[in-house]
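As structure tokens, the structure follows; a few thoughts come after it.
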Protein chains: 2
Amino acid sequence: MECVRPKDGSKLLIRKVKKEFEFTPNLDELSDLMEVSGNPSRLKILALLYRYQEACVCDIADVLELTVPAISQHLGKLKSHSLIDSRREAQTIYYFLTNHPFNKRLTTVFAGLGEW
Amino acid sequence: MECVRPKDGSKLLIRKVKKEFEFTPNLDELSDLMEVSGNPSRLKILALLYRYQEACVCDIADVLELTVPAISQHLGKLKSHSLIDSRREAQTIYYFLTNHPFNKRLTTVFAGLGEW
DNA sequence: ATAGAGTTTAAGTATCTGCTTAAATACACT
DNA sequence: AGTGTATTTAAGCAGATACTTAAACTCTAT
């Protein structure tokens with residue numbers, strides 16, 4: 001894609017590419033998921049759930065050394081993006097990773113990391 | 001990982017996991033890269049460079065309908081994370097994707113999307 | 001040396017984010 | 001019904017972000 005403008009060919013290409021990037025729902029969703037899971041705390045939560053299958057709010061708070069409301073807010077965000085779900089056992093709520101396609105890619109990355 | 005605390009076993013597990021998440025350079029780098037490329041504008045820039053190999057600042061600005069300084073700042077950020085590089089041709093600077101491992105994963109995702 | 005094109009940097013602003021503490025809610029147990 | 005545990009929600013604050021416009025810089029062509 002050339003910068004020099006007078007060439008008609010490049011003007012047509014610019015117009016084509018502009019149209020291509022006018023509506024990008026797939027990129028927007030990908031951006032959303034990368035942003036929500038890319039946060040340092042939330043990525044650690046996902047990594048922890050990947051390795052230990054499930055955990056409750058106060059244990060995650062203990063491990064990551066954040067307050068329980070902070071963890072609860074992060075979990076809420078991950079849940080609203082369908083990356084995690086939860087089950088209740090008496091008073092305790094356990095969170096776990098869902099089968100979301102994004103999680104499959106992410107856990108492949110986690111597997112390849114070996115150590116955190 | 002259990003929430004019920006009095007069990008000694010769970011205390012030991014918590015302590016083990018806490019140590020495991022004390023220093024996480026790989027997760028921190030992954031978080032960084034996901035955050036920088038997850039931004040809607042920067043993800044579009046990366047997608048555009050993936051599909052068209054290279055582009056200059058003013059063409060990217062035209063396509064994404066942002067100002068040239070805004071694009072320049074985004075490109076600077078991507079460059080500082082080694083996700084893109086640049087070459088100069090007279091007065092024009094062309095940006096392109098690097099062979100960074102993160103880009104390999106990202107372009108696999110782009111390829112799988114088909115349409116944006 | 002000058003002018004113009006292309007790009008980067010500086011400064012400002014509005015908005016957003018992530019944490020905290022406090023309060024409220026949900027639930028189990030008695 | 002009351003109490004305690006676990007969790008969520010509300011409110012506030014400090015810091016960060018992404019865009020803009022204006023100014024400065026880099027380079028080419030003359």
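Below, chain A is the first sequence line, B the second, and so on; all start at residue 1. What you see is a predicted model; the values in this text were computed from it and never measured.
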Just how far, in rounded Å, is [atom2] of [N] from [atom1] of [X]?
{"X": "A:R87", "N": "C:dC27", "atom1": "CZ", "atom2": "P", "answer": "16 Å"}
{"X": "A:E89", "N": "C:dA26", "atom1": "CD", "atom2": "C1'", "answer": "17 Å"}
{"X": "A:E35", "N": "D:dA16", "atom1": "CD", "atom2": "P", "answer": "17 Å"}
{"X": "A:Q91", "N": "D:dT7", "atom1": "CD", "atom2": "P", "answer": "9 Å"}
{"X": "B:L66", "N": "D:dT21", "atom1": "CG", "atom2": "C1'", "answer": "14 Å"}
{"X": "B:I45", "N": "D:dA18", "atom1": "CD1", "atom2": "P", "answer": "11 Å"}
{"X": "A:R88", "N": "D:dA6", "atom1": "CZ", "atom2": "P", "answer": "12 Å"}
{"X": "B:Y94", "N": "D:dT26", "atom1": "OH", "atom2": "C1'", "answer": "16 Å"}

Minimum-distance nucleotide to [X] side chain [options: [options]]:
{"X": "B:K77", "options": "D:dT7, C:dT8, D:dA18", "result": "D:dA18"}
{"X": "A:A90", "options": "C:dT17, C:dA28, D:dA18", "result": "C:dA28"}
{"X": "A:Y95", "options": "D:dT8, C:dT8, C:dC19", "result": "D:dT8"}
{"X": "A:H74", "options": "C:dT7, C:dC19, D:dT7", "result": "C:dC19"}
{"X": "A:I93", "options": "D:dT7, C:dA22, C:dA26", "result": "D:dT7"}

Applying a 4.0 Å non-hydrogen cut-off, can you work out what [X] is touching in the nucleic acid: base, sugar-phosphate, or nothing?
{"X": "A:A70", "value": "base"}
{"X": "B:V68", "value": "base"}
{"X": "B:K79", "value": "nothing"}

Ring centres under 6.0 angstrom apart (A:F110, A:W116):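 When the ring centroids of A:F110 and A:W116 are compared, they turn out to be within the sub-6.0 Å range.
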
Can you tell me if the side-chain N/O atoms of [X] get under 4.0 Å from OP1 or OP2 in [N]?
{"X": "A:S41", "N": "C:dC19", "value": "yes"}
{"X": "A:T67", "N": "C:dC19", "value": "no"}
{"X": "B:N39", "N": "D:dA18", "value": "yes"}
{"X": "A:R42", "N": "C:dG18", "value": "yes"}

Toward the 5' end of DNA chain C, by each residue's nearest nucleotide, B:L75 or A:P69: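 First, find each residue's nearest nucleotide; the 5'-ward one identifies B:L75.
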
SB check A:K18 A:E20 (cutoff 4.0 Å):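 The answer is no: the pair does not qualify as a salt bridge.
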
Over all atoms of both residues, closest heavy-atom pair of [X] and [Y]:
{"X": "B:R87", "Y": "B:F96", "answer": "N-CE2, 3.9 Å"}
{"X": "A:S37", "Y": "A:L46", "answer": "CB-CD1, 3.4 Å"}
{"X": "A:I84", "Y": "A:T98", "answer": "C-CG2, 3.4 Å"}

Separation of B:D59 CG from B:I71 CD1 (nearest 0.5 Å):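 Answer rounded to 0.5 Å: 11.0 Å.
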
Quiz item: A:Q73 side-chain donor-acceptor pair to C:dT20 base, under 3.5 Å: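 Indeed there is one.
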
